[in-house]
Protein chains: 2
Amino acid sequence: MSELPTVPVAVSPIDKFREYLATQGMRLTHERSVIVEDVFSQHEHFDTDQIVERLTPGNTGRRVSRASVYRTVGLLEEAGLIRKVARNNERDVYEHDYGYPRHDHFICDRCDTLIEFENDRVAKLIEELAQETNFRMTGHRLEVYGICEECSRPRKRNPKLDLL
Amino acid sequence: MSELPTVPVAVSPIDKFREYLATQGMRLTHERSVIVEDVFSQHEHFDTDQIVERLTPGNTGRRVSRASVYRTVGLLEEAGLIRKVARNNERDVYEHDYGYPRHDHFICDRCDTLIEFENDRVAKLIEELAQETNFRMTGHRLEVYGICEECSRPRKRNPKLDLL
DNA sequence: GTTATTGCAAACCATTTGCAAGTGT
DNA sequence: ACACTTGCAAATGGTTTGCAATAAC
């Protein structure tokens, strides 16, 4: 997940967000800052509930209401800072869409792990297919299902499963 | 959508379903038959609500409760007769997974239309990538976003939009 | 000072579930 | 007869929303 090289970005996520908000006549509030900071403090896939949990009293002193988290996540998506990558446990799963290279995911049926992989070749091929169909492609989402290397190992039980 | 060639199948959907149910010690009830018949009476993408609506008193005489439709759709998925292809309007969208060739979808951002396209090349490429990563691939889901040919046409308003 | 935003609690909505009555084998 | 199913209505659970108080510009 974190082994992918980051793409150098001139503007920080928070500034990019401020820019977007400005174009919409919206404000960069304290709460929104806290959420952006939280989301971009690690390059992990996340869902809304995780943010809410981290931004809860006992945990970091900072605190943002569930409603605001939902509202802000929506804005971050519109701003192009994050994007939906999958659905897990009935929840939408997001990832960074700013400052990281485009990629797709392997999703392990056994342990649910998302494994990112570079997708230039796939993207190129898809683009060709789209042109053949006169479809003006703007993006794609590819999820490959199966069993990850670790879960494929026979014998001893999979350590990842023990985390459950 | 319906321009794709059908794959000749020896067993009808209803029989395939009966088979599956048998392996699970379950019964092919009248309600389940009605639902399968409805689902396979046309090769269109659908969501649960559409089935419920079609299987409502005034419409065809047949009538199945919403709960049973949900339950049966789940079974049809397990039986490999249908599969989830996307989410639309907060609802899961399904399509036939039996009797039709594998394909992926273009999804128009403007009119929400799903356009199927053959995906042999894509599937092959993905399989290669999976092997390189030691991922034992079992399947994939590819959605390509953009603007469909019809919605790309300039000038006059898009007729599909008028349906809203 | 305006106008956008927050937090709360209530509302929404798709989906699931407990249960008593009904049905397939 | 027995176990599986149905339909109903209530429950669930993620997400949205109305509104009064509060904060950004």
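Chain letters run A, B, ... following the sequence lines, proteins first and then strands; every chain starts at 1.
Taking the charged nitrogens against the carboxylate oxygens, B/E95 and B/R83 do have a contact shorter than 4.0 Å, which makes a salt bridge. Remark: A/D97 engages A/R102 in a salt bridge, criterion side-chain N to carboxylate O under 4.0 Å. Checked for salt-bridge contact, B/R66 and B/E31 miss the test: no charged N lies under 4.0 Å from a carboxylate O. With respect to B/D104 and B/R141, no salt bridge is recorded, no charged nitrogen being found less than 4.0 Å from a carboxylate O.
A sub-4.0 Å separation between OP1 or OP2 of D/dC8 and a side-chain N or O of B/R63 is present. Look at B/R32 and you'll find a side-chain N or O under 4.0 angstrom from OP1 or OP2 of D/dT6. Of the side-chain N and O atoms in B/Y70, none sit less than 4.0 angstrom from OP1 or OP2 of C/dT16.
Computed from coordinates, the A/R87 CZ to D/dT15 P distance equals 6 Å when rounded to whole Å. One can place CG of A/L55 at 14 Å from C1' of C/dT6, the figure rounded to the nearest angstrom. D/dG13 atom C1' lies 10 Å from atom CZ of A/R66, rounded to whole Å. What separates CD1 of B/I51 from P of C/dA14 is a distance of 15 Å, to the nearest Å. For the pair A/K84 NZ and D/dT15 C1', the interatomic distance rounds to 11 Å; values are reported in whole Å. The CZ atom of B/R91 sits 13 Å away from the C1' atom of C/dC12 (whole-angstrom rounding).
Annotation: of the two residues near DNA chain D, A/D92 and B/L75, the 5′-most nearest-nucleotide partner is B/L75. Both A/E90 and A/T72 lie near DNA chain C, and the one whose nearest nucleotide falls closer to the 5' end is A/T72. With the nearest nucleotide of DNA chain C identified for both A/S65 and B/R71, A/S65 has the one nearer the 5' end.
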Might you work through the ring pair (Phe, Tyr, Trp, His ring centres under 6.0 Å) test for B/F40 and B/H96, ending with a clear yes or no? CA-CA 8 Å; B/F40 281 87; B/H96 298 172; 4.2 Å; yes
A/Y100 vs A/H43, test: ring pair (Phe, Tyr, Trp, His ring centres under 6.0 Å). Steps then yes/no. CA-CA 9 Å; A/Y100 290 95; A/H43 180 50; 3.8 Å; yes
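Taking the side chain of A/A67 as heavy atoms from C-beta on, and the options D/dC8, C/dT15, C/dG7, the nearest nucleotide is C/dG7.
Across all strands shown, A/D49 has no heavy atoms under 4.0 Å from either base or sugar-phosphate atoms.
In this structure, OG1 in B/T72 is found 6.0 Å from CZ in B/F17, a value given to the nearest 0.5 Å.
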Taking only N/O atoms, report every protein-nucleotides 21-25 of chain D pair under 3.5 Å with atom names and distance.
residue : atom : partner : partner atom : Å
D/dA24  : N3   : A/R27   : NH1          : 3.0

